[in-house]
Amino acid sequence: MNMEELDGFSGKEVFGQGVCYTYDDVIFHPGHIDFAAHEVELKSKISKNITLRTPLVSSPMDTVTEAGMAVAMATVGGMGFLHYNMTTEDQAENVRLVKNHTIGFITHPEVMPPSNTISDIDEMKSRRGYSSVLVTDTGKIGGKLLGIVTTRDIDLVTNRSLTLESVMTCDLLTVDDTATFEKAAEMLKASKKGKLPVVAADGTLKRLATYASLKEALLLPSAGAPSTDAKGRLLVGAAVGTRPDDKVRVARLVEEGVDAVILDSSQGDSVYQIEMIKHLKATYPSLDVIGGNVVTAAQASRLIDAGADGLRVGMGSGSICTTQEVCAVGRGQATAVYKVAALAHSRGVPIIADGGIQNSGHIVKALALGASMVMCGSMFAGTTEAPGDYFFQDGVKLKRYRGMGSLEAMSKGSDTRYLSEATHLKVAQGVAGSVKDKGSVLKMIPYLMHGVKQGFQARHCPSTAASRVLCHRAYDLDVLMLWLRSVLVACAVSVDLLVVDSGAQPLAAVSLLAADLGASGLVKGHELLYTGGMRMETRSGASQKEGGVHDMHSYEKKLW
Ligand SMILES: NC(=O)C1=CN([C@@H]2O[C@H](COP(=O)(O)OP(=O)(O)OC[C@H]3O[C@@H](n4cnc5c(N)ncnc54)[C@H](O)[C@@H]3O)[C@@H](O)[C@H]2O)C=CC1
Ligand SMILES: O=c1[nH]c(=O)c2[nH+]cn([C@@H]3O[C@H](COP(=O)(O)O)[C@@H](O)[C@H]3O)c2[nH]1
Ligand SMILES: [K+]
């Protein structure tokens with residue numbers, strides 16, 4: 001029995017044909033299931049020194065990741081990367097907000113000064129959806145707390161030009177800022193109030209606990225532990241550029257405690273980026289620096305040589321990207337991930353598959369093809385946590401989503417990056433548009449991850465298989481040998497017991513070495529990939545069509 005008798009093809013065969021493929025072009029063969037989906041462990045590295053429980057990160061785009069998204073991503077075990085289409089001080093402030101966040105509290109509630117009017121709240125409600133505000137002397141968080149205005153204070157008031165000072169409730173139940181989440185939850189429950197401002201000893205407003213935020217924290221669908229640093233603060237990353245000013249920017253972000261930076265470029269293999277990586281690694285040895293974007297082994301190799309702790313892979317695959325159309329460079333994303341991962345794996349550097357993710361199947365494919373982490377833009381755009389206000393168009397609730405290389409994003413702040421120094425011409429490499437409201441990422445991600453676990457279960461990438469004996473009974477010896485071969489390929493170096501009974505119903509038992517114990521499903525998946533045990537094929541146009549919904553008069557696609 002040899003490899004040729006296994007059905008399908010290895011990654012090396014599929015991606016070595018002179019054609020580049022994307023996620024929808026490839027499909028994996030299922031394996032044999034002998035463990036439950038929830039046993040699949042997806043913890044994985046984003047860079048050499050940072051491991052996340054959920055292998056998902058949000059893209060540094062100005063319609064995707066600011067502090068609110070970064071907090072939510074870290075809350076569910078992933079991580080957010082703050083965009084840098086804002087001043088250094090604003091970005092540093094965003095890092096600070098994430099680092100100071102306590103799960104279950106709202107770190108930046110809506111606050112107004114007492115001189116504002118009820119109509120200001122009406123305007124905020126139509127824009128942001130919130131209908132209560134806290135009133136402080138400065139109109140900001142950190143000011144002295146004076147009162148609260150909720151719907152009950154203003155619903156029946158016809159004169160909307162009255163000041164908040166004249167309608168606010170001043171007799172407030174508050175909690176001091178040293179209180180734990182549990183204490184705040186107890187107080188809210190006992191008081192039956194909806195809002196509990198957190199104040200310092202000097203009466204200044206620190207944050208807010210609400211019935212809804214506590215309920216969310218308590219009832220999240222098995223979110224598990226958040227991503228935290230050594231001090232227990234949420235992890236946060238940030239994007240920066242490769243201009244001289246960006247060195248000053250990184251210095252400020254490091255001061256605020258940023259955990260990793262991404263050098264944000266469509267073509268990371270440049271002298272500018274190599275110089276920046278060397279500078280950052282020499283100046284901040286404990287800061288993880290992620291280079292990119294790259295799509296070839298040669299590009300990856302140069303950035304790894306310069307000292308990159310991780311790499312971001314993808315060029316033109318993003319939903320809002322027009323780089324392949326405008327510049328004629330890029331690569332099909334499945335091929336890019338496979339090729340860069342194969343090189344980076346051999347050098348011990350994790351890679352992030354960036355862009356083109358439309359569903360949980362694409363996440364499975366990215367991870368199974370060698371990525372350790374997946375970065376999404378459009379998937380998380382339009383969620384509650386994404387920056388920007390909701391608006392209605394043709395009765396549909398939408399939020400803006402745009403490429404960082406779109407004219408709209410460039411004119412917001414990154415002009416200097418795009419103006420060709422000699423000609424001062426702007427050429428867009430992305431589009432601006434909108435996406436539908438998707439609710440909260442706190443709800444979306446647990447479902448997405450369960451889909452991914454089912455994918456790894458079907459593909460047979462157990463995280464705990466190493467701790468058990470695998471048994472298989474087959475109706476003939478040939479089929480049994482095929483099964484055995486696939487197990488041996490998957491676990492090539494860790495078998496310590498092998499029994500084959502070739503009786504009427506042949507049976508094989510394999511006991512795997514405990515040395516592998518604790519290896520995640522992802523590590524197992526990569527082992528399968530590089531030993532040829534991950535079997536796959538490309539899909540014809542017709543088979544892709546068959547793989548989607550077809551021949552229905554009408555249907556509703558609901559994932560959870
Ligand atoms: N992943 C993808 O497929 C793509 C992503 N994007 C996104 O758009 C944004 C901008 O990407 P880019 O235009 O590639 O940004 P970039 O900042 O890397 O490059 C802009 C221009 O500035 C030049 N440059 C950079 N550092 C320099 C230095 N120190 N001195 C002189 N010139 C320097 C670059 O060579 C390039 O011509 C990023 O957010 C990126 O993620 C844009 C296109 C494609
Ligand atoms: O060609 C491009 N022009 C742009 O303007 C642009 N903006 C972002 N990106 C990249 O797309 C990724 C997000 O892709 P998705 O929406 O498919 O998740 C992001 O993570 C980026 O890698 C761009 N690419
Ligand atoms: K594209």
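We count ligands from 1, going down the list as the structure has it; atoms in each ligand are counted the same way.
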S.K.: Is there any side-chain hydrogen bond (donor to acceptor under 3.5 Å, both in side chains) pair reaching into residues 247-257, and which pairs are they, with sequence neighbours excluded?
M.R.: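 Counting only pairs at least two positions apart or across chains, the side-chain hydrogen bond (donor to acceptor under 3.5 Å, both in side chains) contacts touching residues 247-257 are E89-R252, Q91-R249, K247-E275, R252-E255, R252-E256.
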S.K.: Answer yes or no: is there a side-chain heavy-atom contact under 4.5 Å between I320 and M404?
M.R.: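 Not in contact.
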S.K.: Any atoms of ligand 2 less than 4.0 Å from a non-hydrogen atom of N293? List them with their elements.
M.R.: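 Counting from 1, the qualifying ligand atoms are 22 (O).
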S.K.: Can you tell me if R312 has a non-hydrogen atom under 4.0 Å from ligand 2?
M.R.: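 It does, in that a heavy atom of R312 comes within the 4.0 Å cut-off of ligand 2.
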S.K.: Does a side-chain heavy-atom distance below 4.5 Å link M375 with I262?
M.R.: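 Yes. Closest side-chain heavy atoms under 4.5 Å.
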S.K.: What protein heavy atom sits nearest atom 18 (O) of ligand 2, and how far away is it?
M.R.: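 The protein heavy atom lying closest is G377 N, 2.8 Å.
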S.K.: Taking atom 2 (C) of ligand 1 as the point of reference, which of G268, G316, G318 owns the nearest heavy atom?
M.R.: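 The option holding the nearest heavy atom is G316.
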S.K.: Taking the non-hydrogen atoms of S406, is any one of them nearer than 4.0 angstrom to ligand 2?
M.R.: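 Yes; S406 lies near enough to ligand 2 that a heavy-atom distance drops under 4.0 Å.
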S.K.: Could you check Q267 against Q273 for side-chain hydrogen bond (donor to acceptor under 3.5 Å, both in side chains), going step by step and ending with a plain yes or no?
M.R.: CA-CA 9 Å; Q267 214 297 44; Q273 186 155 144; over 6 Å; no
S.K.: Could you work out, for atom 23 (C) of ligand 1, the closest of M375, R331, M276, R243 by heavy-atom distance?
M.R.: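 Considering heavy atoms of M375, R331, M276, R243, the nearest to atom 23 (C) of ligand 1 sits in R243.
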S.K.: Do T323 and Q429 have side-chain atoms, one donor and one acceptor, less than 3.5 Å apart?
M.R.: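 Yes, because at least one side-chain N or O of T323 sits under 3.5 Å from a partner of the opposite role on Q429.
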S.K.: My understanding is that we take every heavy atom of each candidate and find the minimum distance to atom 40 (C) of ligand 1. Doing that for D264, D245, N85, which one comes out nearest?
M.R.: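 Looking at heavy atoms only, the winner is D264.
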S.K.: At a non-hydrogen distance cut-off of under 4.0 Å, which region of M315 contacts ligand 2 (side chain, backbone, both, or neither)?
M.R.: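 M315 to ligand 2: no contact under 4.0 Å from either part.
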S.K.: Tell me which part of C376 gets within contact of ligand 2: side chain, backbone, both or neither, using heavy atoms under 4.0 Å.
M.R.: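 Contact part for C376 vs ligand 2: backbone (N, CA, C, O).
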S.K.: Counting heavy atoms only, which of P60, S270, P244, S266 is nearest atom 14 (O) of ligand 1?
M.R.: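 Of the listed residues, S266 has the closest heavy atom.
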S.K.: Is a side-chain donor-acceptor pair under 3.5 Å present for D437 with Y390?
M.R.: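 Per modelled atom types, Y390 and D437 side chains form a pair under 3.5 Å.
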S.K.: Just going by heavy-atom distances, which of G356, A409, C321, P60 is nearest to atom 11 (O) of ligand 2?
M.R.: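 The nearest heavy atom belongs to C321.
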S.K.: For S265 and ligand 1, does the shortest N/O to N/O distance drop below 3.5 Å?
M.R.: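 Min N/O separation from ligand 1 is below 3.5 Å for S265.
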S.K.: Using side-chain heavy atoms (C-beta onward) and a distance below 4.5 Å, is S44 in contact with H526?
M.R.: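 They are not in side-chain contact.
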S.K.: Closer than 4.0 Å to some heavy atom of S59 - which atoms of ligand 2 meet that?
M.R.: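 Near S59, meaning under 4.0 Å from one of its heavy atoms, ligand 2 has 19 (C), 20 (O).
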S.K.: A quick test of your reading: do over 12 heavy atoms of other residues, nucleotides or ligands sit less than 6.0 Å from CD of Q17?
M.R.: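 Yes, the 6.0 Å shell around CD holds more than 12 heavy atoms from other groups.
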S.K.: For atom 8 (C) of ligand 2, which protein heavy atom lies nearest, and how many Å away is it?
M.R.: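 Nearest neighbour among protein heavy atoms for atom 8 (C) of ligand 2, to 0.1 Å: M61 CE, 3.5 Å.
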S.K.: Are any non-hydrogen side-chain atoms of V289 and Y284 less than 4.5 angstrom apart?
M.R.: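 They are not in contact (no side-chain heavy atoms under 4.5 Å apart), so the answer is no.
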S.K.: Listing by chain and number, which protein N, O or S atoms are under 3.4 Å from the K ion (ligand 3)?
M.R.: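 Atoms qualifying: G316 O, G318 O, C321 O.
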S.K.: Within the structure, is a non-hydrogen atom of S266 found at a distance of less than 4.0 Å from ligand 2?
M.R.: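 It does not; every heavy atom stays at 4.0 Å or beyond.
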S.K.: Look at atom 22 (O) of ligand 2 and say which protein heavy atom is nearest, naming residue and atom and giving the distance to 0.1 Å.
M.R.: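 Sorting protein heavy atoms by distance from atom 22 (O) of ligand 2 puts D354 OD2, 2.5 Å first.
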S.K.: Under a 4.5 Å cut-off applied to non-hydrogen side-chain atoms, are S10 and E13 in contact?
M.R.: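 Yes, side chains in contact.
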S.K.: Look at atom 7 (N) of ligand 2 and say which protein heavy atom is nearest, naming residue and atom and giving the distance to 0.1 Å.
M.R.: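 Going atom by atom, the protein heavy atom closest to atom 7 (N) of ligand 2 ends up being M404 N, 2.8 Å.
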S.K.: Just to confirm my output: which protein heavy-atom neighbour is closest to atom 5 (O) of ligand 2, and how far is it?
M.R.: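 Result: G405 N, 2.5 Å.
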S.K.: Assess G241 for proximity to ligand 1: is some non-hydrogen atom of it under 4.0 Å away?
M.R.: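 Flag not set, G241 not near ligand 1.
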S.K.: Would you check if there is a donor-acceptor pair between the side chains of E39 and Q457 at a distance under 3.5 Å?
M.R.: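 Q457 vs E39: no donor-acceptor pair found between side chains.
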S.K.: How about D354 and Q333: does a side-chain donor come under 3.5 Å of a side-chain acceptor?
M.R.: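 Per modelled atom types, D354 and Q333 side chains form no pair under 3.5 Å.
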S.K.: Is there a heavy atom in G355 that sits closer than 4.0 Å to ligand 1?
M.R.: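 Outside the 4.0 Å threshold, so no.
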S.K.: Report yes if the side chains of V452 and S360 come closer than 4.5 Å at any heavy-atom pair, otherwise no.
M.R.: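 Yes, side chains in contact.
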S.K.: Side chain, backbone, both or neither: which part of T242 has a heavy atom under 4.0 Å from ligand 1?
M.R.: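 For T242, backbone and side-chain atoms both sit under 4.0 Å from ligand 1.
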S.K.: Do V14 and Y338 have side chains that get closer than 4.5 Å, going by heavy atoms?
M.R.: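 SC-SC contact between V14 and Y338 ruled out.
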S.K.: Looking at atom 3 (N) of ligand 2, what's its closest protein heavy atom, distance included?
M.R.: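 Heavy-atom neighbour on the protein nearest atom 3 (N) of ligand 2: Q429 O, 2.5 Å.
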S.K.: So that I can tick it off, tell me whether K99 and D259 are bridged by a salt bridge, with the cut-off set at under 4.0 angstrom between side-chain N and carboxylate O.
M.R.: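 A salt bridge is present here (some side-chain N lies under 4.0 Å from a carboxylate O).
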S.K.: Closer than 4.0 Å to some heavy atom of I320 - which atoms of ligand 2 meet that?
M.R.: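 Close to I320: 6 (C), 7 (N), 8 (C), 9 (N), 11 (O), 23 (C).
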S.K.: For atom 13 (C) of ligand 2, find the nearest protein heavy atom and state the residue, atom name and distance (0.1 Å precision).
M.R.: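 I find the closest protein heavy atom is Y401 OH, 3.8 Å.
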S.K.: Hey, does M373 have a side-chain heavy atom less than 4.5 Å from the side chain of K45?
M.R.: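 Answer no - side chains too far apart.
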S.K.: Let me confirm one number: the CD1-CE distance from I363 to M449, rounded to the nearest 0.5 Å.
M.R.: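 Those atoms lie 4.5 Å apart.
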S.K.: Provide the number and element of each atom of ligand 2 under 4.0 Å from a heavy atom of T322.
M.R.: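 Heavy-atom distances to T322 below 4.0 Å select 1 (O).
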S.K.: For the atom pair CG (L448) and NZ (K453), what is the distance rounded to the nearest 0.5 Å?
M.R.: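 Answer for the CG-NZ pair, L448 versus K453, is 12.5 Å.
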S.K.: Using distance alone, determine whether T323 and ligand 1 share an N or O pair under 3.5 Å.
M.R.: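 For ligand 1, there is no N or O atom that lies under 3.5 Å from one belonging to T323.
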S.K.: Would you call D551-K545 a salt bridge at under 4.0 Å N-O?
M.R.: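 Salt bridge: no.
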S.K.: Considering both backbone and side-chain atoms of G314, is one of its nitrogen or oxygen atoms within less than 3.5 Å of a nitrogen or oxygen in ligand 1?
M.R.: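 Between G314 and ligand 1 (N or O atoms, distance only) the closest approach is under 3.5 Å.
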